[in-house]
Amino acid sequence: MTKKSVVIDYGIGNVFSVMQALKRNDCEARLTNDTQEILNADRVILPGVGAFGRAAEKLRTMGLDDVIHSYIEQERPFMGICVGMQLLMEKGLEFGEHEGLGLFNGTVEKIDAKDSSGAALPVPVIGWNSLKKPSDARWNHTALSGVPDDAAFYFVHSYSARPSDADDICATASVGNTDVVAAIQKDNILGVQFHPERSADHGIGMISTFLNS
């Protein structure tokens with residue numbers, strides 16, 4: 001049976017690139033904000049770009065925050081991308097304090113990184129960066145399991161997740177002398193700060209693993 005995949009449409013996110021990446025994986029996903037379509041899906045992706053507060057407000061206004069919680073309670077795979085990952089946290093501290101979905105304990109805060117001389121690095125962080133795996137086997141139970149050690153992914157962000165529980169972190173990326181959270185995982189929920197849909201073959205492969213896991 002073909003798995004039904006949904007990309008949540010809430011007016012925030014680079015959905016064209018996400019939909020194209022899914023198409024490259026022979027997945028005819030639905031772009032929708034319909035409650036029943038989301039709840040009946042086998043895989044759900046929450047994209048996002050821009051400011052945390054505006055994205056969180058859009059989800060709440062459209063009632064999609066409750067829909068996402070209900071979907072996740074069904075224990076089916078869910079992935080947040082970029083701001084869609086950040087929204088999984090309790091709070092975002094971008095232009096004030098804003099409530100997130102609270103699926104992970106912790107906050108989203110501005111990146112505070114320095115170079116080897118101690119000088120502050122500018123944000124946003126834009127470009128390709130490799131992922132650093134944790135020392136244990138957490139990576140192996142995620143959609144990142146097939147990613148080679150030298151794989152690079154595309155990042156565009158000024159803020160990053162800071163989970164309260166270090167066990168929720170399944171990948172980081174180096175920004176200057178600072179390790180920034182690049183991916184989080186808990187139960188059936190995966191969040192990635194980078195854009196797999198813009199990360200060439202490694203990103204397409206990661207999406208394929210998510211769709212078929």
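No hydrogens, no waters, no symmetry mates; every other heavy atom, side chains included, goes into these values.
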Heavy-atom distance under 4.5 Å between the side chains of [X] and [Y], does that happen here?
X: Ile8; Y: Ile38; value: yes
X: Lys133; Y: Thr172; value: no
X: Ile189; Y: Ile72; value: yes
X: Arg43; Y: Pro77; value: yes
X: Ile45; Y: Val6; value: no

If you take all heavy atoms of [X] and [Y], which pair is closest and at what distance?
X: Gly50; Y: Val83; value: O-CG2, 3.2 Å
X: Met85; Y: Ala182; value: SD-O, 4.2 Å
X: Asp42; Y: Arg76; value: O-CB, 3.9 Å
X: Ser130; Y: Ala173; value: O-CB, 3.7 Å
X: Leu211; Y: Ser5; value: CD2-OG, 3.5 Å
X: His202; Y: Ala152; value: CD2-N, 4.2 Å

Are the side chain of [X] and the backbone N or O of [Y] linked by a donor-acceptor pair below 3.5 Å?
X: Ser199; Y: Tyr154; answer: yes
X: Thr61; Y: Glu57; answer: yes
X: Lys4; Y: Asn40; answer: yes
X: His157; Y: Tyr159; answer: yes
X: Lys186; Y: Leu103; answer: yes
X: Thr142; Y: Leu144; answer: yes
X: Asn140; Y: Ser145; answer: no

Applying a strict under-4.5 Å side-chain criterion to I, L, V, M, F, W and Y, I'd like to know whether [X] and [Y] cluster together.
X: Val18; Y: Phe153; result: yes
X: Leu64; Y: Leu87; result: yes
X: Tyr71; Y: Met79; result: no
X: Val49; Y: Phe52; result: no
X: Ile12; Y: Met62; result: yes

So how far is it from [X] [atom1] to [Y] [atom2], rounded to the nearest 0.5 Å?
X: Gln86; Y: Ile81; atom1: CD; atom2: CD1; answer: 12.5 Å
X: Cys27; Y: Phe210; atom1: SG; atom2: CZ; answer: 9.5 Å
X: Asn25; Y: Ser208; atom1: CG; atom2: OG; answer: 4.5 Å
X: Met19; Y: Leu31; atom1: CE; atom2: CG; answer: 5.0 Å
X: Leu101; Y: Phe78; atom1: CG; atom2: CZ; answer: 7.0 Å
X: Ile204; Y: Gln20; atom1: CD1; atom2: CD; answer: 9.5 Å

Steps toward side chain to side chain contact (heavy atoms under 4.5 Å, CB included) verdict (Ser17, His195): CA-CA 9 Å; Ser17 294; His195 288 271; over 6 Å; no

message: If you take the centroid of each ring, where Trp contributes its six-membered ring, are Phe194 and Phe155 closer together than 6.0 Å?
response: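 For Phe155 and Phe194, the ring centres are under 6.0 Å apart.
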
Heavy atoms of other groups near Arg54 CZ, more than 12 under 6.0 Å: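 Count not over threshold, so no.
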
query: Ion pair present between Arg24 and Asp26, side-chain N to carboxylate O less than 4.0 angstrom?
result: no

Chi angles and distances behind the side chain to side chain contact (heavy atoms under 4.5 Å, CB included) call for Val7, Leu22: CA-CA 10 Å; Val7 177; Leu22 292 169; 3.5 Å; yes

- prompt: Quick one: side chain to side chain donor-acceptor pair (under 3.5 Å) pairs with a partner in residues 87-111, sequence neighbours left out?
  reply: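 Pairs touching residues 87-111 that pass the test: Lys91-Glu97, Thr107-Glu109, Glu109-Arg162.
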
Gln74/Leu39 under side chain to side chain contact (heavy atoms under 4.5 Å, CB included): CA gap, chis, key distance, verdict: CA-CA 8 Å; Gln74 299 180 79; Leu39 293 179; 3.8 Å; yes

Pair Phe104-Asp165, side chain to side chain contact (heavy atoms under 4.5 Å, CB included): steps then yes or no: CA-CA 8 Å; Phe104 290 80; Asp165 188 348; over 6 Å; no

- request: Let me know which of Thr178, Val175, Asn177 forms a side-chain contact (heavy atoms from CB on, under 4.5 Å) with Lys114.
  value: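 It is Asn177, the one option of Thr178, Val175, Asn177 that forms the side-chain contact (heavy atoms from CB on, under 4.5 Å) with Lys114.
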
- request: Examine the side chains of Thr32 and Glu37 and answer whether a donor and an acceptor come within less than 3.5 Å of each other.
  value: yes

